[in-house]
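Structure record follows, encoded as structure tokens.
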There are 2 protein chains.
Amino acid sequence: MKNQSKPVYLKLRDLIAAAIIDGQYKEGEMLPSVRALAAEQGANPLTVAKAYQQFQNDGLVEVQRGVGMYVVKGAAQILRDRDREIFLKEEWPEIRARMARLGLAPEKLLAET
Amino acid sequence: MKNQSKPVYLKLRDLIAAAIIDGQYKEGEMLPSVRALAAEQGANPLTVAKAYQQFQNDGLVEVQRGVGMYVVKGAAQILRDRDREIFLKEEWPEIRARMARLGLAPEKLLAET
DNA sequence: GGCGCTGTATTATGGCACTGATGCACTATT
DNA sequence: AATAGTGCATCAGTGCCATAATACAGCGCC
């Protein structure tokens, strides 16, 4: 009955990415250890590691074995640019199409915020 | 990397819902048979049946056993209203938050279409 | 009745993603 | 050396998804 609409490691990935972009995890500083973040989020250390893995592959964090993982310089910028690209190219068109189908008026949505 | 790995039966569900809302599958008319849609979409008949199942449960289609499944009157309206509700309450806030994080201006994007 | 079209139920199987427990390798500090 | 903190690899368990192979049941038409 573990019904999560979204896998935990992806949620964590988004959480971490947001933290980096917002400067909560600053560049050059160390990320929370897998065990620490796992305890904080009530997840498994391995699941957190899997989330971190994504950032290693992209070269956004550097691993010092036995020490910790550090945020690479310029990671926030890269991350934001990349996410912006993905959002505009892949997600936004779908959102627009869906709004059109549902007959939602853009002006209304903007007024409500 | 982003698997567009959404379950097939959910993709089909969205596809059918969109078709009903757009009037492609008109009210009172018959939906494609499970076998027909399966062949057309390159899916398994059982998977299509699973997608159709969702609409039966919601009373949006009526089953005439041995004949076919028919779109109930008012289904398009109900479907659109329900989807609109979900979109506004659950998805739109997240989209807004994400756009804010990425430094994207909603007015600009909405104006461009 | 016979044929062909509908949807439905059953059972089994393979694949794959997610999660978890345990232990190991490495490093810094004492 | 001892200790405690890192990340990482291995193995296993679980659940969902999709498919397959049938078989069954209702309806319309000839």
Side-chain angles (χ1 to χ4, degrees), chain A residues 1-17 19-20 24-73 75, chain B residues 1-17 19-20 24-73 75:
Chain A
M1 300 240 225
K2 299 274 176 176
N3 244 354
Q4 309 146 343
S5 50
K6 205 172 181 180
V8 176
Y9 82 99
L10 284 184
K11 283 187 188 173
L12 292 174
R13 183 180 61 79
D14 293 344
L15 190 73
I16 297 161
I20 293 179
Q24 191 172 341
Y25 297 158
K26 299 177 184 173
E27 305 181 350
E29 291 190 354
M30 199 182 99
L31 290 168
S33 73
V34 287
R35 290 174 179 81
L37 187 56
E40 176 187 330
Q41 295 292 330
N44 191 284
L46 282 177
T47 306
V48 175
K50 189 170 184 180
Y52 278 164
Q53 186 76 34
Q54 317 267 326
F55 295 99
Q56 299 183 47
N57 297 339
D58 292 347
L60 296 177
V61 303
E62 266 181 3
V63 180
Q64 291 192 21
R65 200 174 172 125
V67 182
M69 310 184 65
Y70 292 82
V71 181
V72 162
K73 222 172 186 177
Chain B
M1 315 324 191
K2 296 298 50 178
N3 309 344
Q4 193 57 10
S5 63
K6 201 173 179 182
V8 176
Y9 81 99
L10 285 184
K11 283 187 189 174
L12 291 174
R13 184 179 59 78
D14 293 344
L15 190 74
I16 297 161
I20 293 178
Q24 191 173 342
Y25 296 157
K26 298 179 186 175
E27 307 181 348
E29 290 189 355
M30 200 182 99
L31 290 169
S33 73
V34 287
R35 291 173 178 83
L37 187 56
E40 176 187 330
Q41 294 293 329
N44 190 286
L46 283 177
T47 306
V48 176
K50 190 173 184 179
Y52 278 164
Q53 186 75 33
Q54 319 266 327
F55 294 99
Q56 299 183 48
N57 297 339
D58 293 347
L60 296 176
V61 303
E62 264 181 4
V63 180
Q64 290 193 22
R65 205 175 170 126
V67 181
M69 310 183 65
Y70 291 82
V71 181
V72 162
K73 223 173 186 178

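So that the names make sense, note that chain A is the first sequence line, chain B the second, and so on, each numbered from 1. A quick note: this is a predicted structure, and the numbers were derived from the prediction, not measured.
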> Which of the following nucleotides, C:dA21, C:dA9, D:dG7, is nearest to the side chain of A:Val63?
Replying inline: D:dG7
> Side chains of B:Phe55 and B:Ile16: does their closest heavy-atom pair fall under 4.5 Å?
Replying inline: yes
> Closest heavy-atom contact between A:Leu12 and A:Gln41?
Replying inline: CD2-CG, 4.0 Å
>> Strictly below 4.0 Å: does B:Ser33 bring a side-chain N or O up to OP1 or OP2 of C:dC5?
In response: no
>> In this structure, how many angstroms lie between the P atom of D:dC8 and the CG atom of A:Asn57, rounded?
In response: 10 Å
> Where each residue is assigned the nucleotide of DNA chain D containing its nearest heavy atom, which of A:Leu46 and A:Gly68 is assigned the position nearer the 5′ end?
Replying inline: A:Gly68
> Counting just side-chain N and O atoms, does B:Gln64 come under 4.0 Å of either OP1 or OP2 of D:dG28?
Replying inline: no
> So do A:Leu60 and A:Ile20 actually touch side chain to side chain, heavy atoms under 4.5 Å?
Replying inline: no
>> Using a strict heavy-atom distance below 4.0 Å, which residues from residues 34-44 of chain A are in contact with DNA chain D?
In response: A:Val34, A:Arg35
> D:dT19 phosphate, OP1 or OP2: any side-chain N/O from B:Thr47 under 4.0 angstrom?
Replying inline: yes
>> Taking the minimum atom-to-atom distance to the side chain of B:Val67, which one of D:dC17, C:dT22, D:dC27 wins?
In response: D:dC27
>> What is the separation between atom CD on A:Gln54 and atom P on D:dC8, rounded to the nearest whole Å?
In response: 13 Å
> In whole angstrom, what separates B:Tyr70's OH from C:dC5's C1'?
Replying inline: 11 Å
> Once you round it to whole Å, what is the distance between P of D:dT6 and CD of A:Gln53?
Replying inline: 18 Å
> Whole-Å distance between D:dG28 P and B:Arg65 CZ?
Replying inline: 14 Å
> Quick one: A:Leu31 CG to D:dC8 P, roughly how many Å, whole number?
Replying inline: 12 Å
>> OP1 or OP2 of C:dT19 versus the side-chain N and O atoms of A:Lys50: is any pair under 4.0 Å?
In response: no
> Nearest-Å distance, CD (A:Glu62) to C1' (D:dC8)?
Replying inline: 18 Å
> Got a sec, which pairs hit salt bridge (Lys or Arg N to Asp or Glu O under 4.0 Å) with one end in residues 46-62 of chain B, sequence neighbours left out?
Replying inline: B:Asp58-B:Arg82
>> Using side-chain heavy atoms (C-beta onward) and a distance below 4.5 Å, is B:Val34 in contact with B:Tyr52?
In response: yes
> Quick one: is C:dT8 close enough that its OP1 or OP2 comes under 4.0 Å of any side-chain N or O from B:Gln56?
Replying inline: yes
> What's the OH-P distance between B:Tyr52 and C:dG7, to the nearest Å?
Replying inline: 7 Å
> So do A:Val48 and A:Val8 actually touch side chain to side chain, heavy atoms under 4.5 Å?
Replying inline: no
> So which heavy atom on A:Gly59 is nearest to which on A:Val72, and how close?
Replying inline: O-CG2, 3.7 Å
> Does B:Tyr9 place a side-chain N or O at less than 4.0 Å from the phosphate oxygens OP1/OP2 of D:dC17?
Replying inline: yes
